[in-house]
Amino acid sequence: MNNETTTLISLKEAMKRIDHKLQALEAQFKELDFTKDNLTQKFEHHSKTLASQAAQDELWTAVLALKFTSMERNILYSYVIEVLICLHTHVLEKLPDLARGLPTLASVLRRKVKNMRIRVVWESVLEEFGLEEGDVIVLRTFFIAHGNKAEHYPAKVRQMYIRDFTVMITNMVKNQALQDGLLRAVQVIEKGKAVRTSEGQKSSLKELIPSV
């Protein structure tokens, strides 16, 4: 075997080794890319979860800090409870065969997570009334915080006290998500459907929705 043949064989072997190293490096880079994407997704999910938790903490603080008179609280409670009852009733109307298993709105909210049929109906009912998940979180928070000491006022009684509830809410409720949710509750009961007036209002309520 002459020197040229030996050199050629050595060169081929060296090229093979380099090729194997390049393949190994490529596999490592792919693994690193996968790890990076995984970490990025986890970080984004964690950030959204923290943002959602912070928004909900802020909402609870705002709800508990409301300085309404008992009459004003009762009026707002009346709108809130009527909307929640309305949502529950409309879900049951669309799912009569599941009515016995959905005795409360809370049961609807629990079961819609795993039951596609309930989730689709729930989303259609929200759309029907111009509401979103964030609105419901606001209304349920208000109900939980004030329901034990509030009294329901029927429409005629409410009108005896205050003519324009939107002005009262706008002037006294500074938290944007809480203000938006309460205003929509009034719209649903008074007009049959809530109207979104800005993307800002929409995003303020989306912050409340837990990341999944």
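If you're wondering where the values come from, they're calculated on a predicted model, not measured in any experiment. All heavy atoms count here, side chains included; hydrogens, waters and symmetry mates do not.
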| What's the verdict on side chain to side chain contact (heavy atoms under 4.5 Å, CB included) for Leu98 and Leu92, showing C-alpha distance, side-chain angles and the deciding distance? | CA-CA 7 Å; Leu98 299 180; Leu92 296 187; over 6 Å; no

| query | Would you call Asp97 and Arg117 a salt bridge, using N to O less than 4.0 angstrom? | reply | yes

| task | Return yes if some donor-acceptor pair links the side-chain N/O of Asp135 with the main-chain N/O of Glu132 below 3.5 Å, else return no. | result | yes

| task | Side-chain contact test, heavy atoms from C-beta onward, threshold under 4.5 Å: evaluate it for Lys114 versus Arg119 and give yes or no. | result | no

| Do Leu178 and Leu66 have side-chain heavy atoms sitting under 4.5 Å apart? | yes

| said: Are the side chains of Ile85 and Thr89 in contact, using a 4.5 Å heavy-atom criterion? | reply: yes

| Non-hydrogen side-chain atoms of Ile75 and Val157 separated by less than 4.5 Å | no

| Do we see a donor-acceptor contact under 3.5 Å between the side chains of Trp122 and Glu127? | no

| task | May I ask you to test the Lys149-Arg73 pair for a side-chain heavy-atom distance under 4.5 Å? | result | yes

| request: Before accepting this row, confirm whether a basic side-chain N of the pair Arg158/Glu82 lies closer than 4.0 Å to the acidic partner's carboxylate O. | output: yes

| Can you tell me how far the CD1 atom of Ile189 sits from the CD atom of Gln187, to the nearest 0.5 Å? | 11.5 Å

| remark: Looking only at heavy atoms, the pair that brings Leu131 and Ala194 closest together is CD2-CB, 4.0 Å

| task | Applying side chain to side chain contact (heavy atoms under 4.5 Å, CB included), run through Val120 and Lys112 and close with a yes or a no. | result | CA-CA 8 Å; Val120 169; Lys112 76 179 177 63; over 6 Å; no

| field | Any Ile118 side-chain heavy atom under 4.5 Å of Leu102 side chain | value | yes

| request: Report the C-alpha separation of Lys193 and Arg184 in whole Å, then their side-chain angles, then the decisive distance to 0.1 Å, and conclude whether the side chain to side chain contact (heavy atoms under 4.5 Å, CB included) test is met. | output: CA-CA 8 Å; Lys193 185 171 183 176; Arg184 290 195 188 94; over 6 Å; no

| message | Would you say that Asn175 contacts Gln179 through its side chain, given a criterion of any heavy-atom pair below 4.5 Å between the two side chains? | response | no

| remark: Closest non-hydrogen atoms of Val121 and Ser124, given as atom of the first, atom of the second and distance, are O-OG, 2.7 Å

| said: Check the orientation of Tyr161 and Tyr153. Use parallel for under 30°, tilted for 30 to 60°, and perpendicular for over 60°. | reply: parallel

| field | Val167 backbone acceptor or donor facing Thr170 side chain under 3.5 Å | value | no

| request: Consider only side-chain N and O atoms of Glu190 and Tyr79, and report whether a donor and an acceptor are under 3.5 Å apart. | output: yes

| task | Drop me the distance from Phe142's CZ to Tyr77's OH, to the nearest 0.5 angstrom. | result | 9.5 Å

| message | With a 6.0 Å cut-off on the ring centroids, do His146 and Phe68 count as close? | response | no

| request: Using distance alone, with no hydrogens and no angle criterion, decide if Gln176 and Asp180 have a side-chain donor and acceptor under 3.5 Å apart. | output: yes

| query | Shortest non-hydrogen contact from Ala177 to Val138? | reply | O-CG2, 3.5 Å

| task | Measure the OG-CD distance between Ser78 and Glu151 for me, rounded to the nearest 0.5 Å. | result | 8.0 Å

| request: Could you grab the distance from atom OG1 of Thr166 to atom CG of Leu183, nearest 0.5 Å is fine? | output: 6.5 Å

| Looking only at heavy atoms, what is the nearest atom pair of Ala185 and Val83, with distance? | O-CG2, 3.5 Å

| request: Please answer whether the main-chain N or O of Phe129 pairs with a side-chain N or O of His90 as donor and acceptor at a distance below 3.5 Å. | output: no

| request: Mind checking the CG-OG1 spacing from Leu64 to Thr141? Nearest 0.5 Å is all I need. | output: 9.5 Å

| field | Heavy-atom check, side chain of Asn74 versus side chain of His152, under 4.5 Å | value | no

| message | Ignoring hydrogens, what is the shortest heavy-atom contact between His88 and Leu105? Give both atom names and the distance. | response | CD2-N, 3.7 Å

